[in-house]
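What follows is a short report on a single structure.
A note on names: the letters A, B, ... follow the listed sequences, proteins ahead of strands, and every chain is numbered from 1. Being a predicted model, the structure only gives us computed values, none of them experimental.
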Amino acid sequence: MLQVWKSFYARSDPAKAYSLLSPALILVTLAMLIPLGLMLSFSFFTQTSFTEIDYSFTITRYIDFFQSNLLVSLLIKSVKISFIVTFVTLLTAYPVCYYIAFYVKKNKMLWLVLLTLPFWTSYLLRVFSWKIILGTKGVINSSLINAGLLSEPLTFLMYSETAVIITLTHAWAAFALLPLYVSLDKIDFSLIEAARDLGLSRLETFWKITLPLSLPGIIGAILIIFIPTVGDYVTPALLGGTDGRMLSNMIQAYFGKVNNLPLGAASATIMLITVAIVTIVVSYTTKKLTQRIS
Amino acid sequence: MEQKNNTLLIYTLLYFAFLYIPVLFLPIFSFNDANYMSFPLSGFTTEHYEEMWAKTNLHKALWASIKVGVVASVVSTTIALFAAKAFARYKFRGQNISYGAIMIPFLIPEIILAVAILVIWLSLGFKLGLVPVTLGHILFCTPFAMLILIARIEGFDFSLEEASRDLGENAWGTFYRVSLPLYLPGIIASLLLSFIISFDEFVLAFFLTGSDATLPMYMWAQMRFIQKLPHVLALGAVIIVFTTFIVLLAFWLRNLGQGKEKAEFGIKIHE
């Protein structure tokens, strides 16, 4: 029997692949899939007192969520902030990647390492440094007041949606830079030259050749920025004030001082579903778009 | 290749400034002789560093972060090495789904992972602390480690391993003598980067530590008190220098012995 198994194993690639994959798949199942499943089931329970939970099935938490103006508006705001952040990050990072892909000849690698280096420093510290910059007694305000340009500090800089958007754009830059660069660098430059030789203007060449060919990178960047920023906790907590609060701050409260685990679980599930819908829509649109181009 | 474009060059340099300048304020103000972080700078001092060094809670938090980071990086790199080998070496049914499943922890909002682990941990009646944090970090670091290792292993000439087996080495001998030396720079890079990710990770720690603070948790607690900020700046500056050093070392290692073609930059994006 063992012999049979051994000879089967020796010939079967999938068997070998799955035995190599098993630790990772077990990890994902035990530490993510099962916990997520349990979180989902908690969203159908009821918190009856501070320590007690009624385990009978109900969808009331979801009704609670959608009847709460606060929660719905925070969900909408989280999605809105993430979309703005994604768009601004893409728009500002694209020219940089374009420059490195097409104009830099020597040491491209070094440019890329330098671009991604700040991303590796602690997220908490990067967010904190924006607090230093935007604060009422921070870098911008104190400099402007010293220069005599202001008499009172600008208060809208800090504890606002704007502060959250600026900080997140800075924090997630690397997630736009990497996929954009990869897709731009793959473009065969002779295609661009050919378009130019055939009489297309710079703008037309970009619009008809470069942009469509870099689409995979754009989509990749949209997804890997949008998904995590929807659920960002640190930035709105440190810089958002009441105006820039997002859904994750409420989720944290439900698991912390408010102590309503089922409603927290329902909010987290709704966030996860939102993320899934956006992922599916973006991927589907891309597929259609790429089909039309090719 | 185009020749020159000064507008784009200037824009790119400005973008670099946008990326770097905010981070540089931490070290600058950490040497400033004042409790507020505003201009003009009032004088040079190292007292914030002395103050930082005197905090015993900080030492405890640092030790906790190191323990979690070492375990998380070793375990996630090991798991990721097997997985990376499977993806780089074999074509099999369910490949994309398996790849997707392993990548999910890196893609979904961290707060959801934290909440899910919190719920199961409490339901099982376990105590919060560094153990669930480490588990969360292993889950979170594995996809990163796998991306780094796949980039390293892909294009590896697997006939070298087959030759070794044919010449009579057993599986372990082949791994030890043939594969490991070739993978080693990637493995070390993965260990270092996973350690840094775990060392800096905040959200999972925030939900799961209970009373055993990690270093980011310690900083978070201090940030609320304006009079305690200067020593957080000093700590932040030290962490930035340390992280930068480790990351540069990892980048350098990762590209060691790689052709120019493959010397990309760590995270390989699959479509």
[Y] side chain reached by [X] side chain, heavy atoms, under 4.5 Å:
| X | Y | value |
| --- | --- | --- |
| F29(B) | V139(A) | yes |
| P22(B) | R126(A) | no |
| I108(B) | L272(A) | yes |
| P14(A) | R93(B) | no |
| W120(A) | L193(B) | yes |
| Y103(A) | T12(B) | no |
| W111(A) | F16(B) | yes |
| V119(B) | F255(A) | yes |

When heavy-atom pairs shorter than 4.5 Å are enumerated against chain A, which of [options] gives the highest number?
| options | result |
| --- | --- |
| I117(B), L235(B), I120(B), T244(B) | I120(B) |
| F202(B), Y90(B), F87(B) | Y90(B) |
| M219(B), E110(B), R89(B), M146(B) | M219(B) |
| I79(B), I112(B), T243(B), L14(B) | I112(B) |
| A116(B), G236(B), S123(B) | A116(B) |
| L9(B), L113(B), V23(B), L118(B) | L9(B) |

With respect to chain B, which residue among [options] yields the maximal number of heavy-atom pairs within a distance under 4.5 Å?
| options | value |
| --- | --- |
| A268(A), P118(A), G264(A), A276(A) | P118(A) |
| A265(A), A93(A), G256(A) | A93(A) |
| P23(A), P228(A), P95(A) | P95(A) |
| A24(A), S22(A), G37(A) | A24(A) |

To the closest 0.5 Å, what do you measure between [atom1] ([X]) and [atom2] ([Y])?
| X | Y | atom1 | atom2 | answer |
| --- | --- | --- | --- | --- |
| I197(B) | S122(A) | CD1 | OG | 12.5 Å |
| L115(A) | Y15(B) | CG | OH | 7.5 Å |
| D13(A) | K91(B) | CG | NZ | 10.5 Å |
| L27(A) | L135(B) | CG | CG | 7.0 Å |
| D200(B) | L124(A) | CG | CG | 9.0 Å |

Can you tell which part of [X] gets under 4.5 Å to a heavy atom of chain B, answering side chain, backbone, both or neither?
| X | value |
| --- | --- |
| F226(A) | neither |
| A174(A) | neither |
| L114(A) | both |
| V230(A) | neither |
| L125(A) | both |

### Query
In a check of side chain to side chain contact (heavy atoms under 4.5 Å, CB included) between V115(B) and each of L36(A), T269(A), L261(A), I251(A), which one passes?
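Exactly one option meets the side chain to side chain contact (heavy atoms under 4.5 Å, CB included) with V115(B), and it is I251(A).
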
### Query
Would Y20(B) and L117(A) satisfy side-chain contact (heavy atoms from CB on, under 4.5 Å), going step by step from the backbone distance to the final call?
CA-CA 9 Å; Y20(B) 276 86; L117(A) 198 55; 3.4 Å; yes

Any idea which heavy atoms bring [X] and [Y] closest together, and the distance?
| X | Y | value |
| --- | --- | --- |
| G231(A) | I111(B) | O-CG2, 3.6 Å |
| Q95(B) | Y18(A) | N-OH, 4.3 Å |
| M32(A) | A101(B) | CE-O, 4.1 Å |

Engaged part of [X] at the chain A interface, taking heavy atoms whose separation is under 4.5 Å:
| X | answer |
| --- | --- |
| I21(B) | neither |
| F206(B) | side chain |
| I239(B) | side chain |
| F18(B) | both |
| F207(B) | side chain |
| W220(B) | both |

### Task
Evaluate side-chain contact (heavy atoms from CB on, under 4.5 Å) for L107(B) paired with I224(A), printing each intermediate quantity in order.
CA-CA 7 Å; L107(B) 292 171; I224(A) 57 174; 3.5 Å; yes

### Task
Give a yes or no on whether I97(B) atom CD1 has more than 12 heavy-atom contacts from other residues, nucleotides or ligands under 6.0 Å away.
no

### Message
Measuring centre to centre across the rings, with the benzene-like ring taken for any Trp, is Y11(B) within less than 6.0 Å of Y99(A)?
### Response
no

### Task
Could you walk me through whether F102(A) and L8(B) pass the side-chain contact (heavy atoms from CB on, under 4.5 Å) test, one step at a time?
CA-CA 11 Å; F102(A) 296 130; L8(B) 265 185; over 6 Å; no

#### Entry: From CA spacing to verdict: side-chain contact (heavy atoms from CB on, under 4.5 Å), F119(A), V247(B)
CA-CA 10 Å; F119(A) 158 76; V247(B) 171; over 6 Å; no

